[in-house]
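All residue numbers refer to positions in the sequence shown, counting from 1.
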Amino acid sequence: MTQPYKKKLIEVAIPLEAINAASAREKSIRHGHPSTLHLWWARRPLAACRAVLFAQLVDDPSSHPDQFPTHEDQERERQRLFAIIEDLVQWENSTNEEVLERARAEIRRSCGGVLPPVYDPFSGGGSIPLEAQRLGLPAYGSDLNPVAVMIGKAMIEIPPKFKDMPPIHPGIKERSFYRNAEGLAEDVKYYGEWMREKAWERIGHLYPQVDLPKEYGGGKATVIAWIWARTVPSPDPAFADVQVPIASSFLLSSKTGKEAWIEPIVDRQAKTITYRIRQGGTKAELEAAKEGTKAGRGANFRCLISDTAITMEHVRRAAKDGLGEQLIAIVAEGPRERVFVAPIAEQVEAARAAKPSWRPEMTISPDRRAFTPPDYGMETFGDLFTDRQLVALNTFSDLVHEARAQIEADASATLSADPTLLRDFGKGAKAYAEAVSVYLAFGVSRLTDIQNSLCRWESSKTQVRNLFGRQAIPMMWDFGENNVFCDAAGDYRTSLGSIVKVIERFHPSGEGIEINHDAQTVVYPEGAVISTDPPYYDNIGYADLSDFFFCWLKPALRSVYPDIFSVLATPKAEELIAAPHRQGGRDAAEVFFLDGMRRAIANMAHQSANDFPAAIYYAFKQSEVANEGISSTGWATFLQGILDAGYSVVSTWPMRTELANRMRGQESNALANSVVLVCRKKEASAEVITRAEFIRALKRELPPAIAELQAANIAPADMPQSAIGPGMGVFSRYKAVLESDDSPMTVKAALQLINRELDEYLGGIQGEFDADTRFAITWFEQNGLKAGDYGTANNIATARGISVESVKHAGIVESAAGKVRILKRDEMDAEWEPDADGHLTVWECCQHLVRLHEKYGIGYEAAVMLKKFGSKADDVRDLAYVLYNICEKRGDAKEATAYNALIADWTDLTREAATAPLTNRSGQMRFEV
């Protein structure tokens, strides 16, 4: 039967390791990265989005048998396309016109010169539309959340309108020629500085300098930050009139040789607590300072003046009347480094002099998984800021409007007087002034993340850390208040500087449109290609979180986008997540999510192009994988929604898009990685089959598909998720798979069968190995590296037609005193050579290669060892898959990691082995002289 469409590269193979490596690396890049334009949660890495889009649109060589008639021809062409992707995903190439144009040329060739629009109906942080635009494609995005929509407009919609335009400001221009959005970036910088100067004139008196102690040279110094502790009345009735601090730490600097801490001085007679700064100190003093006023490991604290326990119940009672705040230290800019100064009365008076004219009255979410300040009297977003912070933010917010008027006046000298507004696609002076003001408002909004009373002082880096280190707004007892005019974090200039760097790197080669709409009813442009990252089914609500920013963006930008900011708060009821606190319990929440997601995906399937597959990202939770494996409830629920909507799944690609070291990395709700599901519309003529027929089809089609994945060196850790693709491809091509009672098989049951077939396949590989290796696998599966009874070992060996002595002679086990134990890698002969071994086994080859890879990585030593294996190399790789699978089931993470890392580097190792000389025994790399 003739296939009705051309297969795309993503349906067959992609260079997964290169994409994963680039994605992981990208997470540590800050300067100029679009994520620093404005905070959004759980963004997909640009590298992954760029690669997926390219592979969605470019034909797989198998679609052109006239050009690539043989398997070898097709594989060579795939490798050429892989090389383009490997260049494309590098961060340094994200603005490299030569690399980008090479990718665009391939897309144009596969699309017959007519570039289809790309649409992301859950655009969030805007990564997918931005990368579509970078690849020259018409880019469309939509989102229910107004904050996400504004991020999308700032990334893909505004820059193309003013592409290659010089700045309009009246100052000295920074360059003579402007490309892309460089002129826009310079104007944002100029008018941001104008705003800062105006703000200083109005509120600079609230930020006085501090007198430095004589040991630091005396004189005046700029304050970097004030360290405050919240206070409650002492729980001891004798001191009930004394406000005592709740401080999680008194440590100011933990840098070696530069330790500094706060020492509270208690005068019980006078009922006072004062603070002095200490430098250095004993280990015990520093440990005590690190604990602040905490009482043990619990949430309770102790009263400094009476040593009575301060329970959380006491704090909550006190919070009804409002928690107090006490200045406990000042951080100043010294002659050579930051200096810590004890509290000074005039500094406290300056803070108290601030009288905000407005504060956000929006109520904070009742979801206590992520929002704890309401438990302590901080019920509105306005309560999360000090009065001085509110005055500063109000001032800068008001100045956005003044700057907009000033920009329009300045732009009138060079731009059209066309009164068409930005929201109506205007490009004249008025629209340009509104465009620049969007980024100026983003500067204010970004500032709120570091200018609030929930920012902690980080002693290891001696700086205030922003609030959103994770997807939550947690309570903070002692906090750092940054100086908004200190030329460091917390300064408007610094906040805006990050935005300017992003705008400078925008590469708007295609048009972009972002709208405010829900995914269930949005109308797509004709022939749209779907690439999207939907919300995770029971994730924390981004609507609740984004209200923190919405309440500041609204007053600054309501006049520019009145429709977007017409709502009182970001939409909650329609947000497509399973939120039990909104939907009346967990079961109702899951039904709400599944119904809504089914409608949203059905809307995609109904309107999207037939010529291209859809790419849908799914973010796994670590707890799902750990507790339920690949058949987890969330994953199965999501897949069910996709199949019910009319899609079939043709491939799945696991992408390690999250860094393991972020704050939530080890917690139950942390995202472990993403899987990209590649989907095609289900054929109308799909049949109904039985469970037995499905299993037969799995056994027929899954093994060769897994073998192809292995040949592509998919890492063992990624294999279960990768195997879902071909497995679900079998399941989802049918209208239904019927169980023995004629009920339709669930996705969860299908996933379990797919996983079982994968286990059987990996078990079946063992039959290809030599008998000694097969013994070692069985023994390792039962005992790991621990010793076991000789009698049991002998029975296992006999069943394989060998003896324990044979395995011992092969150098795999130690046998003594009635016990048998597999040798650890570091116990094996370090001088071992495969060509000199008269009893060569795959087990030895694998262990020696792992040992060298652990020690040297992808270097000469491991490469030349692999080369010496010759035809056994594929067996070694297969054994690594088998052993990884065993280790994972045994819970041996360290050993599993060793095998996974070997396979992850297999492609590079094979490439090195192909050219590695066998004569070099010095350990030097082959290209050294």
Side-chain angles (χ1 to χ4, degrees), residues 4-11 44 48-59 103-104 106-144 148-149 152-153 155-157 160 425 508-535 576 596-618 641-642 645-651 676-683:
Y5 56 81
K6 290 188 292 185
K7 267 193 177 182
K8 298 299 177 179
L9 185 63
I10 199 167
E11 298 175 84
R44 296 286 74 80
C49 299
R50 199 151 60 239
V52 167
L53 282 165
F54 178 87
Q56 266 184 276
L57 297 168
V58 171
D59 295 342
R104 293 177 198 137
E106 290 295 336
I107 294 171
R108 286 194 295 268
R109 192 156 66 102
S110 289
C111 296
V114 181
L115 298 178
V118 170
Y119 203 107
D120 180 0
F122 296 102
S123 58
S127 294
I128 293 171
L130 179 68
E131 292 311 311
Q133 189 176 70
R134 201 191 306 271
L135 290 172
L137 300 154
Y140 292 79
S142 58
D143 204 285
L144 182 66
V149 172
K153 284 185 176 293
M155 288 171 67
I156 68 165
E157 187 172 301
F425 307 102
S509 61
E511 67 177 31
I513 294 178
E514 178 79 26
I515 65 170
N516 191 191
H517 212 291
D518 73 278
Q520 299 176 45
T521 60
V522 70
V523 177
Y524 296 116
E526 188 175 350
V529 177
I530 302 298
S531 200
T532 189
D533 178 20
L576 203 47
M597 188 58 67
R598 188 185 293 113
R599 284 193 294 270
I601 296 174
N603 193 36
M604 294 179 207
H606 176 66
Q607 297 189 61
S608 59
N610 291 320
D611 295 337
F612 304 91
I616 304 174
Y617 293 70
Y618 176 85
I642 287 177
Y647 273 128
S648 61
V649 178
V650 295
S651 59
V676 177
L677 295 110
V678 183
C679 305
R680 286 278 188 181
K681 296 181 185 180
K682 189 176 293 189
E683 293 295 320

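Here the closest heavy-atom approach between residue P117 and residue G527 is recorded as CD-O, 3.8 Å. In terms of heavy-atom proximity, C679 sits nearest to V650 at N-CG2, 4.4 Å. In terms of heavy atoms, V52 sits closest to A615 at CG1-CB, 3.7 Å. The heavy-atom pair separating P121 from M604 by the smallest distance is CG-CE, 3.9 Å. Of all heavy-atom pairs between D143 and E514, the closest is N-OE2, 3.9 Å. Heavy atoms only, all atoms of each residue included: V58 and S110 are closest at CA-OG, 3.5 Å.
Listed by first and then second residue, the salt bridge (Lys or Arg N to Asp or Glu O under 4.0 Å) pairs involving residues 121-131 are R50-E131, E131-R134 (not counting sequence neighbours). Applying the ring pair (Phe, Tyr, Trp, His ring centres under 6.0 Å) test to pairs two or more places apart or on separate chains, those with a residue in residues 117-138 are Y119-Y524. For residues 517-529, no residue pair satisfies the salt bridge (Lys or Arg N to Asp or Glu O under 4.0 Å) rule, not counting sequence neighbours.
At least one donor-acceptor pair closer than 3.5 Å links the side chain of Q56 to the backbone N or O of P613. In terms of modelled atom types and a separation under 3.5 Å, the side chain of K682 and the main chain of S648 share no donor-acceptor contact. Checked by atom type and distance alone, the side chain of N516 never pairs as donor or acceptor with a backbone atom of V149 at under 3.5 Å.
In this structure R108 satisfies the salt bridge (charged side-chain N to carboxylate O under 4.0 Å, His left out) test together with E101, sequence neighbours excluded. Residues passing the salt bridge (charged side-chain N to carboxylate O under 4.0 Å, His left out) test with E11 are R680, sequence neighbours excluded. For the side chain to side chain donor-acceptor pair (under 3.5 Å) test, residues two or more places apart in sequence or in another chain that qualify with D59 are K6, K8, H64. Residues passing the salt bridge (charged side-chain N to carboxylate O under 4.0 Å, His left out) test with R599: none are found, sequence neighbours excluded. By the side chain to side chain donor-acceptor pair (under 3.5 Å) test, E511 is found to be paired with Y140, residues two or more places apart in sequence or in another chain being considered. Every residue two or more places apart in sequence or in another chain that forms a salt bridge (charged side-chain N to carboxylate O under 4.0 Å, His left out) with D533 is listed here: R44. The side chain to side chain donor-acceptor pair (under 3.5 Å) search around E106 returns R80, R109, not counting sequence neighbours. For S651, the side chain to side chain contact (heavy atoms under 4.5 Å, CB included) partners at least two apart in sequence or on another chain are W653, V678. By the side chain to side chain donor-acceptor pair (under 3.5 Å) test, Q133 is found to be paired with no residue, residues two or more places apart in sequence or in another chain being considered.
Side-chain contact check for N610 versus Y5: every heavy-atom pair is 4.5 Å or farther apart. Proximity of I515 to V522: side-chain heavy atoms (C-beta onward) are separated by under 4.5 Å at one or more points. Contact annotation: the side chain of P129 never approaches that of V118 to less than 4.5 Å [non-hydrogen atoms, C-beta and beyond]. Between L57 and L135, every side-chain heavy-atom pair lies at or beyond the 4.5 Å cut-off. Annotation: side chain of Y617 is not in contact with side chain of S127 (no heavy-atom distance under 4.5 Å). Put simply, the side chain of M597 reaches to within 4.5 Å of the side chain of P535, judged on heavy atoms.
A distance of 12.0 Å separates CD1 in I642 from CZ in R598, rounded to the nearest 0.5 Å. A distance of 13.0 Å separates OG of S123 from NE2 of H517, quoted to the nearest 0.5 Å. Expressed to the nearest 0.5 Å, how far CG of L677 lies from CD1 of I10 amounts to 10.0 Å.
Each of I616, D120, L53 was checked for a side chain to side chain contact (heavy atoms under 4.5 Å, CB included) with S531, and the lone residue meeting it is L53.
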